[in-house]
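One structure is given below, encoded as structure tokens.
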There are 2 protein chains.
Amino acid sequence: MTQDDFTETVTADDVATLAGVSRWTVNRAFKPEASISEKTRTKVMAAAQQLGYVPDLQAASLASDRSNLVALLVDDFANPHKLVMMEKLTRILRQNRWDTLLVNTLDAEDATSALLTASQRRVDAAVLIGVQFDDQVLKTALGARRVRKLILFARQSENPNTISICCDDQAAMTTIADYVIAQGYQRPLFLAGPQTVSAHLHRKETFVARWQAAKDHPCPVIPVGAYDPDLAYQTVAERLQGLTDSNRPDVLVCENDALAMGAIDALRYELGLQVPQDIAVTGFDDAPLAASPHYRLTTYRQPLADMVQGLVQVLKGETPDTPLTGFEGELIIRASA
Amino acid sequence: MTQDDFTETVTADDVATLAGVSRWTVNRAFKPEASISEKTRTKVMAAAQQLGYVPDLQAASLASDRSNLVALLVDDFANPHKLVMMEKLTRILRQNRWDTLLVNTLDAEDATSALLTASQRRVDAAVLIGVQFDDQVLKTALGARRVRKLILFARQSENPNTISICCDDQAAMTTIADYVIAQGYQRPLFLAGPQTVSAHLHRKETFVARWQAAKDHPCPVIPVGAYDPDLAYQTVAERLQGLTDSNRPDVLVCENDALAMGAIDALRYELGLQVPQDIAVTGFDDAPLAASPHYRLTTYRQPLADMVQGLVQVLKGETPDTPLTGFEGELIIRASA
DNA sequence: TTGTAAGCGTTATCAC
DNA sequence: GTGATAACGCTTACAA
């Protein structure tokens with residue numbers, strides 16, 4: 001049933017013997033930058049081909065202390081936007097010869113043990129794209145770690161020992177705020193994520209401040225316990241139940257698309273309201289379904305590909321082209337606001 | 001900026017010296033099954049704790065020829081159902097001390113090189129959850145590989161050198177077919193995925209045969225070029241455009257939820273039809289949004305957790321509790337059909 | 001129960 | 001440009 005007929009491992013020594021060169025020469029043949037004569041290389045490669053030799057990365061990383069492995073810690077598989085991030089990260093990292101270790105981090109408490117796992121594999125960096133990695137977790141993690149670089153992707157961090165790669169959230173949210181104001185909305189409601197996240201986004205603060213500055217009255221905020229559409233659905237349904245046209249908000253500014261989609265569903269199916277006629281909605285992320293006919297969500301798209309390129313530069317130890325926390329995205333205007 | 005202050009690596013030797021034992025004893029202290037006196041273990045663990053020692057898995061797998069690494073090859077990040085699979089796989093594998101290497105396989109051609117990467121990491125198994133891994137790819141892959149086990153997850157394979165873990169697709173589709181028939185639908189249309197996939201699902205064949213047997217007339221089939229909602233949208237919009245109530249199908253049986261959702265959107269937003277009043281729709285997978293108020297999709301849920309347990313048993317070399325290609329899921333009846 | 005010695009397949013260093 | 005030799009940190013015998 002199982003097929004344990006695996007070919008016995010061919011080592012560089014075997015190839016060396018066949019090609020009549022030293023092991024180290026075989027090694028060199030496999031590195032593009034190595035100084036080796038073209039003739040020898042061809043000979044070695046022919047021998048390698050014949051034996052089916054491929055260099056063993058485990059051994060290589062043991063000897064070189066570079067694993068070419070990046071751990072990707074994800075704690076929020078409910079958000080389809082994560083799929084987009086993972087796709088971009090894995091693809092571009094692989095193009096640059098990094099492999100990705102996907103670690104499913106159950107909760108904040110688990111994050112430390114997840115990082116431990118990563119460090120045991122000697123990853124070159126741990127990239128966090130979760131929502132639950134607050135400063136406490138980061139602190140613990142940094143204490144116990146043997147991880148070279150701790151990178152927060154698409155999220156700001158106050159912890160100086162971590163590297164943050166994200167777009168300028170203030171600028172982004174200001175763009176949204178200005179758009180909302182320009183559209184003439186009068187009674188915004190900000191739908192925020194969990195308030196326990198300390199490594200957070202500043203989106204709420206930025207919007208609220210901007211609104212206050214422009215209109216001279218505060219913008220109310222309601223928090224949702226998780227970045228989860230279902231929870232957003234419930235929260236919005238409860239909160240807006242029974243309000244009249246005049247005391248109901250006329251625009252729902254959401255901290256991300258997951259919340260926005262849950263909100264739209266609640267407005268439509270629980271409250272019988274039309275978006276954007278009765279109430280407008282904005283999101284953040286441009287997640288996969290944001291463009292679908294159900295939502296046609298006005299949202300903000302981060303330059304993910306560029307951000308991943310920034311990550312690659314960090315991994316390579318190069319100086320990034322763009323300030324790592326200053327990427328600029330774009331407002332995607334659709335029908336929802 | 002970067003923090004390359006990484007603690008210099010602590011080895012088992014360091015711990016051994018501090019604890020006054022041999023390296024091998026340190027090693028033993030870290031394996032649950034090892035025969036070691038409780039006293040020595042405590043002493044060793046204390047020393048390890050003090051120095052911040054954790055065993056190096058790279059070195060361990062080099063020496064032991066077991067990596068405790070599984071490569072997960074995914075080629076279809078557009079499907080949110082993949083997120084569910086990844087979540088289950090990574091979580092349960094990690095519970096069983098396997099780490100997951102996520103490999104983004106761009107296309108069928110890339111699969112071979114992806115497998116090569118995996119083999120260079122000496123993975124214990126490669127798990128394929130893609131749609132493009134046809135028999136040709138598998139054949140090539142198996143030729144050049146140094147991968148111990150090649151596992152097709154949630155998909156059948158004709159290739160005897162691979163291990164397939166999936167539910168009984170015939171039984172599943174028969175369940176759907178019988179439900180559709182019992183509901184009294186008269187003019188089904190089967191919406192199939194790409195027809196180039198040779199390691200395919202038998203869903204189409206099963207439904208078509210069942211329908212033919214029950215109603216004595218054929219069920220038409222239209223293929224969609226990819227398991228992509230947008231493509232399904234276009235295909236359905238074009239195909240059903242201009243049909244009258246009487247010559248239009250009354251039920252759309254879709255090979256998976258991604259297609260079904262695209263189809264529903266097309267029916268609703270392009271053709272102005274109501275689901276299920278004007279036309280019913282069924283899916284397959286019970287993907288994240290299947291339950292949402294937009295779709296309320298009648299679909300089929302595979303027992304993913306059990307299937308992953310089966311995978312774990314395969315990895316451990318145990319005899320599986322359930323026949324690996326005979327898992328049973330359940331029909332989830334919602335409003336769409 | 002514990003220790004010793006010889007690998008595992010690379011890379012790094014330094015000669016030639 | 002090429003080759004010997006010593007790491008890298010662990011596991012696998014086998015011996016004590």
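To find a chain, count down the sequence lines: A is the first, B the second, and so on, and within it residues start at 1. Computed over heavy atoms, backbone and side chain alike; hydrogens, waters and symmetry mates excluded.
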- request: Starting at atom CG of B/L57, determine the distance to atom P of D/dC10, rounded to an integer number of angstrom.
  value: 10 Å
- request: For B/Q120 and C/dC8, give me the distance from atom CD to atom P, rounded to whole Å.
  value: 20 Å
- prompt: Near DNA chain D, under 4.0 Å by heavy atom, which residues of residues 17-26 of chain B?
  reply: B/R23, B/W24
query: Could you give the NZ-to-P distance, from A/K31 to C/dT10, as a whole number of Å?
result: 11 Å
message: How many whole angstroms separate atom CG of B/D65 from atom P of D/dC10?
response: 17 Å
task: Kindly indicate, with the supporting measurements, whether the criterion salt bridge (Lys or Arg N to Asp or Glu O under 4.0 Å) is fulfilled by A/R121 and A/D99.
output: CA-CA 12 Å; A/R121 297 267 179 205; A/D99 288 329; over 6 Å; no
- line: Those residues at least two apart in sequence (or on a different chain) that pass ring-ring contact (aromatic ring centres under 6.0 Å, His included) with A/F153 are none
message: So if I take every side-chain heavy atom of A/R28 and compare against C/dC8, D/dC10, D/dG3, which nucleotide ends up nearest?
response: D/dG3
- prompt: When rounded to the nearest 0.5 angstrom, what distance separates CG in A/N68 from CG in A/L315?
  reply: 9.5 Å
query: D/dC8 P sits how many Å from A/R122 CZ, rounded?
result: 10 Å
statement: In terms of heavy-atom contacts, B/R148 and B/R122 come closest through NH1-O, 4.4 Å
message: Tell me which pairs pass side chain to side chain donor-acceptor pair (under 3.5 Å) where either residue lies in residues 14-24 of chain B, with sequence neighbours left out.
response: B/D13-B/R23, B/S22-B/T25
